[in-house]
Asks: 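Before anything else, here's the structure in question.
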There are 2 protein chains.
Amino acid sequence: MPTDTKERILDSAELLFSSQGIANTSLRSLTEHAQVNLAAVNYHFQSKDALVQAVLFRRVNPINQRRMELLTALGQPSIGQILDAFYRPAVEAVLAGPEGRAVARLIGRLYSEPGDLLAGQVRALMADTFRTFAESIQRALPGVPQATIIWRLHFCIGIMAHTFGAMELIEGMARGRIAYDDPEAILRQMITFASAGLRAEGESTCAAS
Amino acid sequence: MPTDTKERILDSAELLFSSQGIANTSLRSLTEHAQVNLAAVNYHFQSKDALVQAVLFRRVNPINQRRMELLTALGQPSIGQILDAFYRPAVEAVLAGPEGRAVARLIGRLYSEPGDLLAGQVRALMADTFRTFAESIQRALPGVPQATIIWRLHFCIGIMAHTFGAMELIEGMARGRIAYDDPEAILRQMITFASAGLRAEGESTCAAS
DNA sequence: GTACTGTTGAAACGAACGTTTTATTGAATC
DNA sequence: GATTCAATAAAACGTTCGTTTCAACAGTAC
């Protein structure tokens, strides 16, 4: 339990935003949960919108930095290694500590939030990471057209976003047959699936027949 | 432009909910956009929450019914055929007509919406469809463990949800190198990727090495 | 014409929202 | 010890929200 007002606000905002949605979370319930004064939000941050940006940036930035570190540490990486560098920082950030679920929902909903929610820095971070990984995959799969690479990398992001953003739904449908308690097992499932998808042949042939 | 009040409300709600978010869309801006009286929402539907359920159900129900039709029309389907039956109704509903984008965002965000948004009928519909397709995939891939099937089917859903829910983000990052104007091309990309992912071998071996 | 039913219109309700203002605290600086 | 300043507290600001109320207006049956 942090003693600093600013961090208490960020922690409560992360938890409440992810569980109730941003628009459905009032600053009054937020400051009550964080046990700080109502005006503290507008004092430490300028507005509720700026608080949202701060909440997102605090989590997204370290993850993307770690992704870049892992990727550049590899020389001529295989598809599996590239995907590991992409997924691992997010999975570990999400399944570490009691606040993991909130972080997961936050990241899972990042990509499909309406309006100007992920503007500015956060969007730029994501675009940078996307470009870097797209180029790395392109080098590992020289035969695949660029448009196909782009589609498939977005599919890889969708796999992660859905795994994080729909945890309750997935657990409910699985009825105990799968669990979120083993990060390495989830990573393995994601990488195995996405690796095969990225390497799939027949971009121009119809696979539905 | 529909002349019926109830349908005008549903159409405007679908458009505004998907572009601005549900909580950020007031009934006043909604009824103004639909050119109906403010009280019409609480008259034809009971509340804003019930309107949300109606908006979702109107789109999700036909798609899932069509999925079931296509799947049961196949005898012993291949993975590609199963995926076609799952993806096609959604892709065609999403890219048909000018309201396609709104439907897309709506479906894309269905799975990761917070709270009790997709309660009741809509959630039951999704669970039914999931169970049916999971069993069909299981039959087509008898060697794959059930837990792996469940994970991978959720990955397939994530691919679709992200493709629909993050259209603006994807288009922005692609810088014109990919487009949403060809339903068959998108279907082919999704099916090719997901089909390879579903059939991937090595669930228990680490693909990252 | 009259009564009835389903729908629309305009106005108002109380509550909750994000933000701002004004005071008050508590410790560091000289 | 007075001063200064970042931080907190309490109250109020004006606005907007979902919902309700009640009157007006269609149609149709009798």
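All chains are named by letter (A, B, ...) in the order of the sequence lines, taking the proteins before the strands, and each is independently numbered beginning at 1.
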Asks: Between D:dA7, D:dA12, D:dT20, which one does the side chain of B:A39 approach most closely?
Replies: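 Nearest to the side-chain atoms of B:A39, counting from C-beta on, is D:dT20.
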Asks: Within the structure provided, determine whether B:R131 and A:M173 are in side-chain contact (heavy-atom separation under 4.5 Å).
Replies: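 Heavy-atom side-chain distance check fails, nothing below 4.5 Å.
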Asks: Which residue pairs pass the side chain to side chain donor-acceptor pair (under 3.5 Å) test with at least one member in residues 164-181 of chain B, sequence neighbours excluded?
Replies: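 Those involving residues 164-181 of chain B are B:R101-B:E171, B:R105-B:E168.
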Asks: Could you tell me whether the side chain of A:E92 reaches within less than 4.5 Å of the side chain of A:I63, counting heavy atoms only?
Replies: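 A:I63 vs A:E92: side chains apart.
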Asks: Base, sugar-phosphate alone, or nothing: which one does A:T25 contact when heavy atoms must sit under 4.0 Å apart?
Replies: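 Here A:T25 touches the backbone only, sparing every base.
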Asks: Between A:F155 and B:H162, does the ring centroid distance fall short of 6.0 Å?
Replies: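 So the answer is no for these two rings.
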Asks: Expressed as a whole number of angstroms, how long is the span from A:L27:CG to D:dT16:P?
Replies: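 Those two atoms, CG and P, are 17 Å apart.
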Asks: Between which nucleotides of DNA chain C, 5' to 3', does chain B make heavy-atom contacts below 4.0 Å?
Replies: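 Under 4.0 Å from chain B, the extent on DNA chain C is C:dG6 to C:dA12.
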Asks: Tell me which pairs pass side chain to side chain donor-acceptor pair (under 3.5 Å) where either residue lies in residues 63-73 of chain A, with sequence neighbours left out.
Replies: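 Every side chain to side chain donor-acceptor pair (under 3.5 Å) pair that includes a residue of residues 63-73 of chain A, provided the two are not neighbours, is A:N64-A:R67, A:N64-A:T129, A:R66-A:E69.
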Asks: Whole angstroms only, please: what is the CG-P distance between B:L30 and D:dT16?
Replies: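 Taking CG of B:L30 and P of D:dT16, I get 17 Å after rounding.
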Asks: Measuring to OP1 and OP2 of D:dT8, would you say a side-chain N or O of A:T5 lies under 4.0 angstrom away?
Replies: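 It does, given that an N or O in the side chain of A:T5 lies less than 4.0 Å from OP1 or OP2 of D:dT8.
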Asks: Do we see a donor-acceptor contact under 3.5 Å between the side chains of A:R8 and A:S12?
Replies: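 Looking only at side-chain atoms, A:S12 and A:R8 do not form any donor-acceptor pair under 3.5 Å.
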